[in-house]
Amino acid sequence: MTTTGSAHTHDVEVTVFPGGALAGLRIDAPALRRGGPALAETLLGLVRRATAEADQRARHALALDPTAANALGLTGDTDLTEAAEATTPDSWRLR
């Protein structure tokens, strides 16, 4: 099973596996011109959002209860997880 989450702005895109391991990264020139601190803040925010999405997808795909998800490190930020939950297609949900 491969599950990823992604998040992007107009000039930066990240893709991560569940747990937050980086699977892909795109940084366009305009992002570089904003400087190191701004780019770092953007990257960290995008990785957090993408990780919440990937973790949520993995929890649904594996039908994990909260205890099992915690044991696997698929907990994430509560607010971000709720946002990812809101964007999870119904077709991915177990019935």
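Here the structure is a predicted model, which means the values were calculated and not measured.
- Not a single side chain to side chain donor-acceptor pair (under 3.5 Å) links Ser6 to another residue, sequence neighbours left out.
- For the atom pair Leu25 CG and Thr15 OG1, the distance stands at 8.5 Å (nearest 0.5 Å).
- No donor-acceptor pair under 3.5 Å is formed between the side chain of Asp55 and the backbone N or O of Pro18.
- Of all heavy-atom pairs between Gly24 and Leu22, the closest is O-CD1, 3.5 Å.
- The line from CZ of Arg49 to CG of Leu44 is 12.5 Å long, rounded to the nearest 0.5 Å.
- For Asp11, the side chain to side chain donor-acceptor pair (under 3.5 Å) partners at least two apart in sequence or on another chain are Thr9, Arg34.
- Scanning both residues, Val47 and Val14, for their nearest heavy atoms gives N-CG2, 3.8 Å.
- Cluster membership check: Leu32 shares its hydrophobic cluster with Leu46, using side-chain heavy-atom separations under 4.5 Å among Ile, Leu, Val, Met, Phe, Trp and Tyr.
- Residues Ala31 and Ile27 share a closest heavy-atom pair of CB-CG2, 3.9 Å.
- Atom CZ of residue Arg59 and atom CG of residue Asn70 lie 8.5 Å apart, to the nearest 0.5 angstrom.
- In the hydrophobic clustering of ILVMFWY residues, with side-chain heavy atoms under 4.5 Å counting as a link, Val16 and Leu39 come out together.
- Under a 3.5 Å cut-off, the side chain of Asp28 and the backbone N or O of Pro30 do not form any donor-acceptor pair.
- Note that CZ of Arg26 is 5.0 Å distant from CD of Glu13, once rounded to the nearest 0.5 Å.
- Between the OG1 atom in Thr51 and the CZ atom in Phe17 there is a gap of 11.5 Å [rounded to 0.5 Å].
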